[in-house]
Amino acid sequence: MSDTPVKQQNTAAFYGQAVASFSVAMAATAIGIFKLNADAWVRAFLAIAVLYLVTSAFTLAKVIRDRQEAAVRPYGPYEKL
């Protein structure tokens, strides 16, 4: 018997829920910063900090995914030459 690796894929519902959750979180944060009773420079600083946090989270998720994919080799090192 061959050990064919099965590629797992997310369902459309899971993908939709993840996108909706991210959108709601970003909108709530933006509204919270906009409604904050503070000077404009404080609100701008918080907005930039949130954007930096989001890009860092995406980069971290990609690095973790790439590391996990590299750990599981579906073929031998010289098989796909």
Side-chain angles (χ1 to χ4, degrees):
M1 271 189 117
S2 67
D3 292 329
T4 305
V6 177
K7 183 177 180 183
Q8 294 180 342
Q9 290 187 345
N10 296 328
T11 64
F14 181 75
Y15 178 77
Q17 188 239 345
V19 170
S21 175
F22 178 77
S23 300
V24 167
M26 286 298 291
T29 304
I31 291 169
I33 290 173
F34 180 73
K35 297 276 187 175
L36 187 65
N37 189 15
D39 292 337
W41 72 268
V42 174
R43 291 194 308 261
F45 175 79
L46 291 174
I48 294 296
V50 167
L51 292 176
Y52 181 59
L53 180 63
V54 169
T55 58
S56 297
F58 278 124
T59 302
L60 178 62
K62 183 189 178 311
V63 167
I64 291 171
R65 183 202 61 201
D66 291 348
R67 192 174 238 188
Q68 287 176 342
E69 286 178 354
V72 179
R73 296 192 110 174
Y75 52 88
Y78 301 108
E79 200 169 314
K80 284 189 103 176
L81 291 177

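Predicted model only: the values in this text are computed from it and were never measured.
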Discussion item. Please enumerate all residues that pass side chain to side chain contact (heavy atoms under 4.5 Å, CB included) together with A44, with sequence neighbours excluded.
Written reply: none
Worksheet entry | All pairs passing salt bridge (Lys or Arg N to Asp or Glu O under 4.0 Å) where residues 10-22 contributes a residue, at least two apart | none
Discussion item. Under 4.5 Å side-chain heavy-atom separation, chaining through any Ile, Leu, Val, Met, Phe, Trp or Tyr, what else clusters with F14? Say none if it is isolated.
Written reply: none
Response to the item:
residues 33-56 vs salt bridge (Lys or Arg N to Asp or Glu O under 4.0 Å), sequence neighbours excluded, gives none
Fill in: Pairs involving residues 10-31, ordered by first then second residue, that meet salt bridge (Lys or Arg N to Asp or Glu O under 4.0 Å) (sequence neighbours left out)
none
Worksheet item: Does anything in residues 28-50 pair up under ring-ring contact (aromatic ring centres under 6.0 Å, His included), and if so which pairs, sequence neighbours excluded?
Response: none
Side-chain donor-acceptor pairs under 3.5 Å in residues 15-23, sequence neighbours left out?
residue	atom	partner	partner atom	Å
S23	OG	V19	O	2.9

Worksheet entry | Qualifying residues under side chain to side chain contact (heavy atoms under 4.5 Å, CB included), relative to I64, sequence neighbours excluded | L60, Q68
Practice prompt. Sequence neighbours left out, what passes salt bridge (Lys or Arg N to Asp or Glu O under 4.0 Å) with D66? Give chain and number order.
Written response: K62
Worksheet item: Should the heavy atoms of other residues, nucleotides or ligands under 6.0 Å from CZ of R65 be counted, would the total exceed 12?
Response: yes
Distance-only donor-acceptor pairs under 3.5 Å for side chains of residues 46-58, two or more places apart:
residue	atom	partner	partner atom	Å
T55	OG1	L51	O	3.3
T55	OG1	Y52	O	3.0
S56	OG	Y52	O	2.9

